[in-house]
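Have a look at the structure below before the remarks.
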2 protein chains.
Amino acid sequence: MGWEGVRDEVLRRIRGRVWPPGEVIPGEEALAVEFGVARATVNRALRDLAEAGLLERRRKAGTRVALLPVRKATLDISIIRQEVEARGEVYGHRVLERRMEAVPLAVALRLGVARGARMCFLETLHLAGGRPFAHEVRWLNIAVLPGGVVPEFDRLSANEWLVQNVAYATGDIEFSAELATSAEAAALGIRAGEPVFVTERATWTAEAPITFVRLLHGPGYRLRTMV
Amino acid sequence: MGWEGVRDEVLRRIRGRVWPPGEVIPGEEALAVEFGVARATVNRALRDLAEAGLLERRRKAGTRVALLPVRKATLDISIIRQEVEARGEVYGHRVLERRMEAVPLAVALRLGVARGARMCFLETLHLAGGRPFAHEVRWLNIAVLPGGVVPEFDRLSANEWLVQNVAYATGDIEFSAELATSAEAAALGIRAGEPVFVTERATWTAEAPITFVRLLHGPGYRLRTMV
DNA sequence: GGCGTTATTATGTATATACATAATGACCTG
DNA sequence: CAGGTCATTATGTATATACATAATAACGCC
């Protein structure tokens, strides 16, 4: 039995309430003997379940089944083109606006730059099968662009361009529900006052902020994940 | 240097484009020699980065920096009470409805039960500091309840009760933006036509479907995650 | 009994070694 | 040269062993 086998058997016992929530399960050594594997193999299996939030492990105290399991769902944050193509539709995008602009206060706070700092403002419409799929508003720190030159983004979307040309970065993401403004509705081809699914994402490296994006998906859009 | 040290150094090289996207990085053996650690230690570090979506690993082909990194953001799916208490507010909940009902077609499809199957219908309001926080509509398979008896859910919310009394389960989650109906708006204390953040979650075990929940958060609610 | 110190213990990590597995690329054959 | 076969190779996993670490439990002192 490999580590996945051990994991599945432990999972079965948790689900089957052989080991109910809150209960301390046998130690790695004991399980290794029971399953006839090395302790390292048991460790790998239990570590995996702990990372998934089903077990809580503490040195000396042992391993117990999580009382209130904070399940961890993993979202795949993909590039919009991938998302559209995964639906079997043809991807396209149009740059609506592209200029230098002082960032709004909210964006400045989110990215940690001085208020009034000048960044590249981009407004883009992403298309799926020729129809509006998502409306994007983005502020981009030109300091991180190689050579300080802002590309046209007419062939490659800013998202994709950044992924391929700027260092891998960390960031945070916020999802919310809002009402489309009339301008946003017009861009997305929906009526004003219809609900939009908003994704806001701030990205930065250790050295500098990179970009803040606000992405709007029209009614019917669903973000899916498995637990 | 431990495995986290190796991971951080590799991450630094990826971010610093020492190893640009698409490039094959040195093999585990070579890195182990360079860093002065065992191959298992390098393996642990690279595996971690691969799980995060930054590296792509294939036997024989080697390890390369992801060209289009599908970043994996982990959402912590917690119990609503925890979420409210994490905001420093007092949690409460009220059961609005509780009856047996034939499931709507959409729910039947989502849970994989026969259309028209009878399940327990629950309508609940979650409160934060006495004010409406989320509106919950739930269908619950009574077959999975120990003894087939439906609890009152007046002390413990259905969510929490299920976590503690029914086997750990798998499921899927969908997030979307919708407009509140007048009934929903009334329950949440908002105006009809305001946008709501919708979380729909289906849960089941290998044996049977457990529950389908539709959770509505009013305007201002934000789902946050880090990448 | 209260409180700080120490011993114990389960998990965490590191290592060398060995073999398994999958995918590539070279080779061989028709 | 096409196409299938096989050797090669990097990662994947398993193992025994050793030591590190954190947290508890036991101890002993005042």
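Here is the naming used below: chain letters follow the sequence lines, and residue numbers restart at 1 for every chain.
Rounding to the nearest 0.5 angstrom, the gap separating the CH2 atom in A/Trp161 from the CZ atom in A/Arg155 is 15.5 Å.
For the pair B/Thr225 (side chain) and B/Thr74 (backbone), a donor-acceptor distance under 3.5 Å is present. For B/Arg64 (side chain) and B/Gly22 (main-chain N/O), a donor-acceptor pair under 3.5 Å exists by modelled atom type. For A/Arg98 (side chain) and A/Pro151 (main-chain N/O), a donor-acceptor pair under 3.5 Å exists by modelled atom type. Panel note: side chain A/Thr124, backbone A/Val95; no donor-acceptor pair is recorded below 3.5 Å.
Close to C/dT24, at under 4.0 Å from its OP1 or OP2, lies a side-chain N or O of B/Arg58.
If you check residues 31-42 of chain B against DNA chain D, the residues with a heavy atom closer than 4.0 Å are B/Arg39, listed by number.
Note: B/His217 and B/Phe133 have perpendicular aromatic rings, judged against thresholds of 30 and 60 degrees for the angle between ring planes.
Under the 4.0 Å criterion applied to side-chain N and carboxylate O atoms, B/Arg222 and A/Glu200 are assigned as salt-bridge partners.
Chain B approaches DNA chain D within less than 4.0 angstrom (heavy atoms of the protein), and the contacting nucleotides run 5' to 3' from D/dT8 to D/dT13.
Remark: B/Arg13 CZ is packed, more than 12 non-hydrogen atoms of other residues, nucleotides or ligands lying under 6.0 Å away.
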